[in-house]
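Chain identifiers are assigned alphabetically (A, B, ...) following the order of the sequence lines, protein sequences preceding nucleic acid strands; residue numbering begins at 1 within each chain. All of these numbers come straight from a predicted model, not from anything done at the bench.
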Number of protein chains: 2
Amino acid sequence: MTTVKKQATISDVAERAGVSVPTVSRVLNQVVPVSEKRRKRVLAAIEELDYRPSAAARTLASRRSRMLSIVTSNTSRYGYAETIRGIELAARAADYTVTISVVENDDPEVVRRAVTAAFSQSPEGVIVLTFDPAGDATLRSLPTSVPVVALSGARADGVPQVLIDESTAAEELVRGLLEMGHRTVHHITVPAVHGEDGRTTGWRAALQEAGAPVPDIIEATWDPQSGRAVGRELAADPQVTAVLCGNDEIALGLMRGLVDGGRRVPQDISVAGFDDHPLSSLWVPSLTTVRQDFSELGARGVATLLAAMSDEADAGDLHTLRPEVQWRESTAVAANQ
Amino acid sequence: MTTVKKQATISDVAERAGVSVPTVSRVLNQVVPVSEKRRKRVLAAIEELDYRPSAAARTLASRRSRMLSIVTSNTSRYGYAETIRGIELAARAADYTVTISVVENDDPEVVRRAVTAAFSQSPEGVIVLTFDPAGDATLRSLPTSVPVVALSGARADGVPQVLIDESTAAEELVRGLLEMGHRTVHHITVPAVHGEDGRTTGWRAALQEAGAPVPDIIEATWDPQSGRAVGRELAADPQVTAVLCGNDEIALGLMRGLVDGGRRVPQDISVAGFDDHPLSSLWVPSLTTVRQDFSELGARGVATLLAAMSDEADAGDLHTLRPEVQWRESTAVAANQ
DNA sequence: TGCATCTCTGAAAGCGGTATCATTCGATAG
DNA sequence: CTATCGAATGATACCGCTTTCAGAGATGCA
C-alpha cells in the first residue's frame, strides 16, 4: 500500500533552520524583510523537508482562503468548460485556487446544497455562470457575505457582471440571412434564464426591423439529440429556409435531422449556430456561427471579482464582450422556389 | 457595493443555544449522541444565525480535509471533462469536495507547480488523469504522503489504477474492418503516455494476427484541426482505405480533410474513432467509434481512492472497464478496386 | 563615543474547530 | 432513599499558521 510519511510543519522547518516560526512565515510570505543569512537557511530547510504550507492553517489564521468558488450547472459542455478553464487560468495567475460546485437544476433544495458547498470553503469571492435557469436561481439565493460576479448572456440586476453581447451578434446574423433572400429566420432556443436570452432578443429585433414575419420559437433541450429531432420535423415544413440555433450543438443536431429528412444544407435550408464550438468548422458543411470568447469571459470574470473583493467595483458594474459572426458553408442564398 | 456581514462561528451558536462549543460540534457531526432538547436548541441557533462551519478550522483540528485533488492536463476536452464530472459526482456523494489542478505539459517545473497546488489543500487523496504525457509525468513525481489513483488507458506501475481496456476494443474494430475486405488499417495517434497506449497495442495486435501489413503510425496533436491536415494528405494516397483514429475529434477532423481532398467516407475510405463523443453520432456520416464510459471511470476512480484511503486497496490494484464498439455509417466494406 | 532611529526577530495570542478526558446528570437497582 | 453505572456534557488542550507587539541589533549622525 502507499507509504505515508508525515508532512513537515512550519515548526519543523523553523527548528531545522534554527529560527523562530514567524521568521519562516515571513520568508514564505515575503512581505516583511528577513536577513539574507536566515532566509537562505529557511529556504534550505524547506527544500530538505519538502515542506508545503497547510492551506487550512493559513486560511484560519489569516482569514483569507485564497479561494474562489464557481457555481455552475454544467462542467463538461463546451461553453461552460471553456469559461471554467478561463477562470481557473486567471485565478491561478492571481494565486487563487478555484473550487467548483455544481447545481444540476433550479430546484430550491438543490440550489441550497450547492450554495452550502460553495461556501464551505470560505471563498473570498464567488463566480456564478448564469447561462441557464439553474445558475440564475443560484444567483438569487446567494448570501451577501462575499462578493459575487455573474457571467452571462443576459442582464441580471444588483450584481457586477460580465456580459457577452449576444443580441448584437444575433441581429447581424439574422440581417445577413434576410439579405440572402430568406423570407424569415426560424429560431431554436436552449432553456434560458428567466426572461429571454440575448440571442432571442437580437433575433426578434432584426426580424421586426426588416418587417419580416416572426415565427414561433422552437424549444430544444441542451442535448444535441434534441436538435436532431427538431430537424426531422422542420424537414417537412417548406416554409423553413433558414434557422438560427441557440448553440452549435443544437445546430449540428439540427443539420443531421434535416439530412435524415432528406433536405440539404445549405441548398435547401441555411443553418446558423452560436458559440463556435471547436468542431463546428470541421462539419460538412462547416457551420456559420458566432464566435464567443468563453475563456476571455472567464478571465474578465476573475478580474471583475478581484476588483469587487478590493471594493473597487460595485453592483452596477457591467463589462461587455463583443462576439463575432463567422460566416461559413452552412448558410447560403435562399433557393428560388 | 456588496454588503458584507460577518459569518457566525461555532461559539456564537453555542452561546445563542446556551450550550458549550463541543456540544455544537457534536450535533454537527452527529457521532456522539446529544439530548433531544439541546439538539433542537442548537439546530435552531444554527438556522437563525445562518451558521456554516469553517472547512479550514475543521481540517486543521481533525486532520481530515474532506478534499480530493484531481491532477489533469485538460479540463475542457470531452473525455477529460466527462471523467472529471464523474469524479465530482461520486466525491460529492461521499461528502468530499474536489479541487482541480492543471498541468499543461510535462515540463518538470510545470509539473512541480501543479503538484504543489494540488497538495496545498491537504487533500486526503489524489486522482491523476494519465491520458497523456503530462499526466504521466505528474504521476511519477507525486509525493507518497497521500493515496493516489491513476485513471488511464494504459498500465502504470506501483499505483492503484482504473484502466479502460482500449486494447481489446481496438482489436475488435480492426478485425471488423479487415473482415470488410480492407487490406490493412492505418492508425492516427494522439500524443500518448510513455510507451504506447492501448489503442495502438490492440491495433497492431489485430493486424499482425491477421497477417496484414502494419503501416507507419501517423501522429496528430490533440487539436481536431490536425486531423483535418492529416486527412488532406491521406486523401492523395490510394493505399489508404481504412483509418483508425486515436479519438473522435481527430476522426471528425480527418473526415473533413478527406472531403476537402475529394474522397468520400465511407465509400472510398472507412474511418473509425475512439470515445463516442456526443456529436459523433450526429456527424454525416455518423462515426463508428468506441464508447468509453468516462463518468463511470471517474466514479470507479473515486471508489478505488476511498478504498486506498482506508487501507483496503494497494498498489497492485487494477480495475478494468470494458468499452464497447459502436458500428455506424463511417465504416463500410472496401471498394472493389 | 553616545543616543536616536530603523530593521529584523521572537514571544505570545489567537483563528474556528475537534479530541480527550474528567465530571455531572439521570435512571435504575438495591 | 442511597448507591451505582452508563450516557451526556463541559473544560481544556491543541491543529499549523499569521499577527500583533515588544525587544534586540544595526546604523546614522552629532
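Closest to the B:Arg63 side chain, of the nucleotides D:dC15, D:dG10, D:dG16, is D:dC15. Listed nucleotides: C:dG16, D:dT18, D:dC17. Nearest to the side chain of A:Ser62: D:dT18. Here D:dC17 is the nucleotide among C:dG17, C:dT9, D:dC17 with the atom lying nearest to any side-chain atom of A:Ala61. Taking the side chain of B:Tyr51 as heavy atoms from C-beta on, and the options C:dG17, C:dG10, C:dT9, the nearest nucleotide is C:dG17.
At a cut-off of 3.5 Å, with distance as the only test, no side-chain donor of A:Gln121 or A:Ser69 sits close to an acceptor on the other residue.
Under the side chain to side chain donor-acceptor pair (under 3.5 Å) test applied with A:Tyr80, the options A:Asp132, A:Asn74, A:Thr75 reduce to a single match, A:Asp132.
Computed from coordinates, the B:Ile10 CD1 to D:dA11 C1' distance equals 15 Å when rounded to whole Å. One atom, CZ of B:Arg38, and another, P of C:dT24, lie 14 Å apart when rounded to the nearest Å. Rounded to whole Å, atom C1' of C:dA19 lies 13 Å from atom CG of B:Leu60. With rounding to whole Å, B:Lys37 atom NZ is found 11 Å from D:dT9 atom C1'. Atom P of nucleotide D:dC17 and atom CD1 of A:Ile46 are separated by 10 Å, given to the nearest angstrom. One can place CZ of B:Arg52 at 21 Å from P of C:dC15, the figure rounded to the nearest angstrom. Across the protein-nucleic acid pair, B:Arg58 atom CZ and C:dC15 atom P stand 19 Å apart, rounded to whole Å. To the nearest angstrom, P of C:dG10 lies 14 Å from CD of A:Glu15.
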Kindly indicate, with the supporting measurements, whether the criterion side chain to side chain donor-acceptor pair (under 3.5 Å) is fulfilled by A:Thr99 and B:Thr99.
CA-CA 6 Å; A:Thr99 60; B:Thr99 59; over 6 Å; no
Passes side-chain contact (heavy atoms from CB on, under 4.5 Å), A:Ser295 versus A:Asp293? Steps please.
CA-CA 6 Å; A:Ser295 74; A:Asp293 195 339; 3.5 Å; yes
CA sep, side-chain torsions, deciding dist, call: A:Arg113, A:Glu104, side-chain contact (heavy atoms from CB on, under 4.5 Å):
CA-CA 11 Å; A:Arg113 269 210 306 275; A:Glu104 288 85 358; 5.9 Å; no
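Each of B:Val19 and A:Ala8 has a nearest nucleotide on DNA chain D; the 5'-most of these lies closest to B:Val19.
Between B:Ser54 and C:dC15 there is no side-chain polar atom (N or O) within less than 4.0 angstrom of OP1 or OP2.
Contact check of residues 23-30 of chain A against DNA chain D (heavy atom, cut-off under 4.0 Å) returns A:Ser25, A:Arg26, A:Asn29.
Residue-level contact check: A:Pro33 touches the backbone only, with heavy atoms under 4.0 Å from sugar-phosphate atoms and none from bases.
When all heavy atoms of B:Val111 and B:Asn105 are compared, the pair lying nearest together is CG2-O, 3.8 Å. The minimum heavy-atom distance linking B:Ala114 with B:Val103 is given by the pair CB-CG1, 3.5 Å. B:Leu68 and B:Ala91 get closest at one heavy-atom pair: CD2-CB, 4.1 Å.
Within the helix from C:dT1-D:dA30 to C:dG30-D:dC1, the inter-axis angle between the opening and closing five-pair segments is 40°, rounded to 10°.
In this structure, B:Glu88 does not pair ionically with B:Arg85, as no charged nitrogen and carboxylate oxygen lie closer than 4.0 Å. Salt bridge status for A:Asp12 with A:Arg16: absent, with no side-chain N to carboxylate O gap under 4.0 Å.
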